[in-house]
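As structure tokens, the structure follows; a few thoughts come after it.
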Amino acid sequence: MSNPEEDREPIQSDQGPDEGQATGNLQVYKAHITKKLNKSVKVRSDDPEMRVLSEAFKPYQKTVQPHTVVLHGKPGVGKSALARSIILDWAQNKLCRDISYAFLFSSKDRKWTEKSSLAHLISREWPGSQAPVTEIMSKPERLLFVMDDFDSLESALLQEDMRLCKDWEDERPIYIVLYSLLKKALLPKSFILITTTDAGLQKLKSMLVSPLYILVEGLSLTMRKQVVLKNIIDDHRKNQVICSVIGNHWLAEQCQVPSVCLLVCEALKIQEELGERRTPVFQTLTSLYATLVFHQLTPREPSQSCLSQEERGTLMGLCRMAAEGVWSKKSVFYDDDLQTYGLKESEISALFRMNILQVDRSAKRCYVFFHVSLQDFCAALHYVLEGLGKSNQYFCLTKNLRSLTELKQTHFNTHLDGMKRFLFGLMNKDTMRTLEVLLGCSLSPDVKKVLQHWVSVLGQQANATNLTDVLDAFHYLFESQDEEFVCSSLTSFQGVGIVVNQRMDLAVSSYCLQHCQSLETLWVDVRGVLSMEMNIELCPVIHQPTHGKPHITEFWEDFCSVLGTHPKLKHLDLGSSILNEWAMKILCMKLRNPACKVQSVTFKNAEITSGLQYLWMTLISNQNLRHLHLGNILMKEDDIKLACIALRHPKCSLETLRLDSCALTADCYVMLSKLLLSTTSLKFLSLAGNKVTEESMRWLSDALSSSRCGLQKLILDSCDLTPVSCHILASALFSNRTLTHLCLSNNSLRTEEVRRLCQFMRLQECAVQQLILNQCNLTRDTYGFLALMLSHNGKLTHLGLTMNPVEDSGMKLLCDGIKEPTCHLQELDLVDCQLTEDCCADLASVIATKQHLKSLDLGSNDLGDRGVIALCKGLKESGTSLERLGLEACGLTSDCCEELSLALSCNSCLVSLNLLRNDFCTSGMLKLCSAFLHPSSNLWKIGLWKQQYYAEVRRQLEKVQLTKSHMLIDDDWYSFNEDDRNWWRN
């Protein structure tokens, strides 16, 4: 290729042409644009996006006119065509008449890394040798610059030197010139139109000033149906195709892109020709592309049954080029790229019976895949073919392509998602067999093993895994449609959490969950997908059967059938789900299956009121069911009546009932109090968030003081208790011998109520082990009573005082009580208790000497560096047994990191440490990373927000996790092993 520096024409310093000459220049330029774009642009002026664009560029609008407009949407959906149509309509005087000059910059026409000035870029677009640059630049408020394909520019913007240029004659790399336009450092009054994919949109948002965003949606659902069914005559076949293609939400979404829709149609046509009329319930894009691409691959010699070595080399070179492009966000290739990978256009055309590469024979000849998804498919195919490339000389010449291991670690790089999905899809054994026949050789199973390991690790780290990652993995596995591969990949999954937003999410989750044979816990948030009306509205083209069940009903039945096929499944959480009556009926029917072993069901914040009647019967039919959470569900008195009838039934085994914020009435408390006297199974009752009047408290206290009451855990959090109510409760507790857990948080407790409660707690007969008094407005006098109680109570193991004004004086009293030999306290929560560094010496003494103390949470207290340095003295002592320390938002800086690192390096007991929301610099974090890696450290749960730190720190944290694979570094510290600690919340 020629040197762009040598090709550049010098710009003449024009002397400001007169008006006639300027008009002539403009007309010549507009004619040039019209000739250049007229054939390539096919956009109707009545398209909705075109109408919005027309309005955006109209002058004298009532609203503020945007100077930057962003067209975003899926690759290939028509953004570039829209952008070019704006330029063409301007040239033909149909649009933007107040714009003097409009220029198109496209990645197909130039490489962003070349050096140029804005003046040179404009000259390149100008017909002839000289552009009236001075005239053009004289009115920047009347200029329009169109930047097509921001995604290709984005990778160049990762360079270290990103100094902006402000002079249109300043020669810089093109990406700097365009970046300066975007940031309004260069010609701030000019107008800019940008095209980008949805993936590139997030990066672009941080660069723009007051932009207008326009989503380009592509083909409507009705149009997609028409295109897909165009050549299909048989009605049965039509229905099959509609269900398998349009019914597959993800595939139907991809068909918004006209070129993808055409590829799908071609694949369906090939299936028809090959006699594959028995279409599966769901097609996948991989299976369709595999049918299309493998069928189009043809050996040059008719006598050959498989590709020759040279043809295999061409295929591998093409796939490697595609993969390199995906990694670097490159979709436009040039002759020198083909040469790098040992490719020739003629050989590619001979190998495929389709134009897999589209050729743009403009000034700078370039190549693009027919659609970016086809590039993703070829990129995925590269990893499958990788083992065959050792004999190809061009593989040695090209730079090392990133490995599958690196691909696994790219959670935030959404541009790799398509390649990942196709990679999993290619693991289908029938697809692999077809490919092996085509190649005439066996393929290595290594890729399949690596992918299985990826998913397996995701299952092993369930607590630290993002819900989106799990659902993405399910979609990837579903793409394979290979049960053996899916089953072996999901062996490690004991807990699964997913959010179901689409019908396809439901189908995919059902398919994968059936293969999670080790499943013990299932958390699923089902949004509005179970509404019949919504499903008809979302997918009106799907023929709903007049006989039998609607498709959505079948999907939900398949999903719920998991409850009866997994004997290890014990916990089901449907919190925040929206379940109508028929959905609840099906769910409860599956819960009543004798094979269902589920013990715990949660409906917190769910919309299930229309189907509650089916739930009460389930409590009697399923004797495995032990725990039921109905928090934030408005309960009628009839519902409580039916619940109490079910709970009294001899076959009901329910032990835990949570009725948090259920708007209980006085009559509800009467029924519940009578229930406590007539059931032996119920051990845990939560009434949090319900108003408990003095009269209602008398009913509850009568039950609690009776020897017939076997309740062990009671939650009265946020019940608006009055002093009289507290006095009634405290009096009842003197007669109670079974209550082990009591939560009174978020009720104002006066000194007298606390004194009375502590008096009860000091009794030998008191069974309370966990006492939660968070945010009870405790006064200074109360801490003396609490300290006295601690010194005389050997049964209390957990005390929660979070968000009370304990202060340093109260902390000293509590420490004196904890130090007593009779105190066996194991867990102490003191979050946001107005503590300072002055109490840390007392706390350090407790840490060093009390072997019973396992957990101490001091988050949101202004301890500062000196306070933590004092605590470190306790952590270094051999007598400490502390396992869990919370220091979130304690005002820490790097000044304490030296001492904290030393303490962590010599402490083998601490397993969980929260350091979130502190201000550590790079040097301090590197010291902490060194401590995390120390052989003596047994830390395996660390609260840190990794994105807060520079790349050097993030790399060290990744090294820590690679070296100690069991370690979790996450910003969700409280998710670890909290079921017992936070019994009043969970």
Side-chain angles (χ1 to χ4, degrees), residues 4-5 8 10-11 13-14 53 56-57 59 61 63-72 79 83 86-87 90 96 98-107 109-126 131-197 200-214 329 950:
E5 300 287 340
R8 192 175 292 133
I11 296 180
S13 179
D14 57 285
L53 273 171
F57 288 113
Q61 298 185 102
T63 57
V64 177
Q65 189 172 16
H67 277 65
T68 304
V69 177
V70 181
L71 296 177
H72 65 99
K79 304 180 295 295
I86 285 288
I87 296 279
W90 166 79
C96 307
D98 59 326
I99 296 291
S100 297
Y101 295 93
F103 300 96
L104 172 67
F105 302 141
S106 170
S107 59
D109 301 329
R110 61 187 52 79
K111 291 186 176 180
W112 301 132
T113 51
E114 292 177 6
K115 279 195 171 183
S116 178
S117 65
L118 181 59
H120 276 299
L121 287 176
I122 289 172
S123 293
R124 290 186 186 185
E125 296 298 316
W126 202 265
V133 179
T134 305
E135 159 65 20
I136 292 169
M137 297 300 183
S138 65
K139 295 180 179 179
E141 71 279 2
R142 301 188 68 176
L143 299 180
L144 170 63
F145 297 102
V146 176
M147 300 182 196
D148 188 22
D149 189 16
F150 169 78
D151 299 77
S152 64
L153 175 65
E154 182 194 340
S155 57
L157 298 180
L158 299 176
Q159 307 297 322
E160 289 186 9
D161 185 4
M162 292 300 296
R163 287 172 296 171
L164 300 175
C165 67
K166 299 182 179 180
D167 188 341
W168 47 268
E169 291 186 305
D170 188 8
E171 273 206 0
R172 303 286 295 280
I174 294 176
Y175 65 82
I176 291 289
V177 175
L178 299 184
Y179 184 54
S180 302
L181 283 170
L182 287 177
K183 296 288 285 184
K184 296 297 181 183
L186 183 60
L187 304 182
K189 294 182 179 180
S190 63
F191 290 90
I192 300 173
L193 176 64
I194 314 161
T195 70
T196 183
T197 62
L201 184 63
Q202 295 306 315
K203 300 276 180 72
L204 188 59
K205 282 182 177 179
S206 63
M207 303 179 187
L208 304 181
V209 179
S210 303
L212 169 67
Y213 296 103
I214 300 176
K329 299 184 181 180
Y950 288 115

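Please read all numbers here as calculations on a predicted model, not as lab measurements.
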- Charged N to carboxylate O under 4.0 angstrom, E114 versus R124? yes
- Task: For the residue pair L164 and S180, establish whether any side-chain heavy-atom pair is separated by less than 4.5 Å.
- Result: yes
- Message: Could you check whether T195 and D148, counting side-chain N and O atoms only, form a donor-acceptor pair closer than 3.5 Å?
- Response: yes
- Query: Does the side chain of L187 come within less than 4.5 Å of M137's, by heavy atoms?
  - Reply: yes
- Message: Quick one: does any side-chain atom of S116 pair with a main-chain N or O of I174 as donor and acceptor, under 3.5 Å?
- Response: no
- L178 and F145, any side-chain heavy atoms less than 4.5 Å apart: no
- Is the shortest heavy-atom distance from the side chain of I214 to the side chain of V70 under 4.5 Å? no
- Message: Has W90 got a side-chain atom pairing as donor or acceptor with I99's backbone, closer than 3.5 angstrom?
- Response: yes
- Message: Taking the side chain as everything from C-beta on, heavy atoms only, tell me whether I192 gets closer than 4.5 Å to L181.
- Response: yes
- E141: side chain to side chain contact (heavy atoms under 4.5 Å, CB included) partners, not counting sequence neighbours: K139, K189
- Contact check, side chains of F150 and L201, non-hydrogen atoms, under 4.5 Å: no
- Query: Hey, does the side chain of R163 reach the backbone of I176 with a donor-acceptor pair shorter than 3.5 angstrom?
  - Reply: no
- Message: What I'd like to find out is whether the side chain of K184 reaches to under 4.5 Å of the side chain of H67, using heavy atoms alone.
- Response: yes
- Item | T68 side chain reached by S210 side chain, heavy atoms, under 4.5 Å | no
- Task: Kindly assign one of parallel, tilted or perpendicular to the pair W126 and Y101, based on the angle between their ring planes and the thresholds 30° and 60°.
- Result: tilted
- Item | Aromatic plane relationship, H72 with Y213 - under 30° parallel, 30 to 60° tilted, over 60° perpendicular | perpendicular
